[in-house]
2 protein chains.
Amino acid sequence: MALASENLTKNQKTVLDILENSSEPLKAYTILFDIQKKGIKSPLQVYRALDKLIEIGKVHKIESRNSYVACKHEGCNAKTSTSFLICENCDSVTELTGNNLFSYFSKQAEKNNFNYKKHNLEIFGLCENCKLKN
Amino acid sequence: MALASENLTKNQKTVLDILENSSEPLKAYTILFDIQKKGIKSPLQVYRALDKLIEIGKVHKIESRNSYVACKHEGCNAKTSTSFLICENCDSVTELTGNNLFSYFSKQAEKNNFNYKKHNLEIFGLCENCKLKN
DNA sequence: ATTGTAATGTTATAATATAACATTTTAAGT
DNA sequence: ACTTAAAATGTTATATTATAACATTACAAT
């Protein structure tokens, strides 16, 4: 069985490629404008590729910004839960990994008799680079 | 000095009122349709009221759902950072409080040389009621 | 009273995302 | 190889969410 990333279709590869080569998250219509020369003509083609890439964990959505970012972790298992550090100055994004977040949130949820399934965490502030400059 | 909530204008009060009487988060256009009889005719009037209510901490936005929820905590200081438990079955929302989240996230950020400013956390799962039913 | 800030009302439009449907490609079993 | 069912595609239209621009009004602080 091949890796999911090897089974990508043309549109999916095109969208993933532009996300992987971006230093910050991209919006769907930014992606669309950037790849129209590659045969993608409608928003739906972009959204469908994004949906699939999100489903297999190669791309995550930054909800608060309606943006999409390629996952840099090999075999990322954050297909549902995601945790990000988002720089308010340069818009760069770092993904937090590790299961301690999962167990921490499970406990927080339990306190409220809530059954944890998944989460989305967005931490805003200044990244290392921008901290030094400002 | 009066409470911020006592200084609300007519539109702001109208929007806050409908949110406070809802058992789940509402979307901006749902609010608009529900209060057109009260003199609010355009989306912008709703969004402006929401912006102000969010600014003073009476309302929070659920980013992943483009919805808005009234804050139930007196003098809520979550003007910027928010943490929610969101039931995937009934869409009810519970806001997490307490500063332990803040300190926990600060530490997580520090590990990545990131300067924490604020956060948005959305935990999805089943609330107590729905847990029992399913 | 004056005056500056905030809020309002209104029209138009931008930005984000999905519906519907006909067609083509792909992968898996036989 | 052929069949076939699932997935992906292409295309047009439209739904949903949010803001721009600008003229006017309310109102609190000097």
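Just so you know, these numbers use all the heavy atoms, side chains as well, and skip hydrogens, waters and symmetry mates. These figures come from a predicted structure and were not determined experimentally. Order of the sequence lines sets the chain letters (A, B, ...), proteins ahead of strands, with each chain counted from 1.
- The distance from atom CD1 of A:Ile40 to atom C1' of D:dA8 is 12 Å, rounded to the nearest whole Å.
- Residue A:Thr9 places at least one side-chain N or O under 4.0 Å from the OP1 or OP2 atom of D:dT9.
- Rounded to an integer number of Å, the gap from CG of A:Leu26 to C1' of C:dT16 is 15 Å.
- With B:Tyr116 as the fixed residue, the side-chain contact (heavy atoms from CB on, under 4.5 Å) test singles out one of A:Leu126, A:Ile123, A:Leu85: A:Ile123.
- Rounded to a whole Å, the NZ atom of A:Lys13 is 13 Å from the C1' atom of D:dA8.
- One finds no salt bridge joining B:Glu122 and B:Arg65 here, because no Lys/Arg side-chain nitrogen approaches an Asp/Glu carboxylate oxygen to under 4.0 Å.
- Counting heavy atoms of neighbouring residues, nucleotides and ligands inside a 6.0 Å radius, atom NZ of B:Lys72 does not exceed 12 of them.
- Regarding A:Leu32, its CG atom lies at a distance of 13 Å from the C1' atom of D:dG10, rounded to whole Å.
- The nearest whole Å value for the distance from the CD1 atom in A:Ile62 to the C1' atom in C:dA17 is 18 Å.
- Between A:Lys10 atom NZ and C:dT25 atom C1' there is a gap of 12 Å when expressed in whole angstrom units.
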For B:Asn112 and A:Thr94: C-alpha separation, side-chain torsions, deciding distance, then whether side chain to side chain donor-acceptor pair (under 3.5 Å) applies.
CA-CA 9 Å; B:Asn112 291 271; A:Thr94 305; 6.0 Å; no

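- Summarising the local packing, NZ of B:Lys131 is surrounded by more than 12 heavy atoms from other residues, nucleotides or ligands at distances under 6.0 Å.
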Sequence-aligned protein contact record of nucleotides 11-30 of chain D, with B where the base is within under 4.0 Å of a protein heavy atom and S where only the sugar-phosphate is:
BB----BBBBB---------

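- Of the N and O atoms on the side chains of B:Thr82 and B:His119, not one donor lies less than 3.5 Å from an acceptor on the other residue.
- One interatomic measurement links the two molecules: CD1 of A:Ile31 to P of C:dT16, which rounds to 11 Å at whole-angstrom precision.
- Between B:Asn7 and the phosphate of C:dA6, there is no side-chain N or O to OP1/OP2 separation shorter than 4.0 Å.
- Taking 4.0 angstrom as the limit, A:Lys52 places none of its side-chain polar atoms (N or O) nearer than this to OP1 or OP2 of D:dA7.
- One interatomic measurement links the two molecules: CD of A:Gln12 to P of C:dT25, which rounds to 16 Å at whole-angstrom precision.
- With hydrogens and angles left out, the side-chain atoms of A:His73 and A:Thr97 include no donor and acceptor closer than 3.5 Å.
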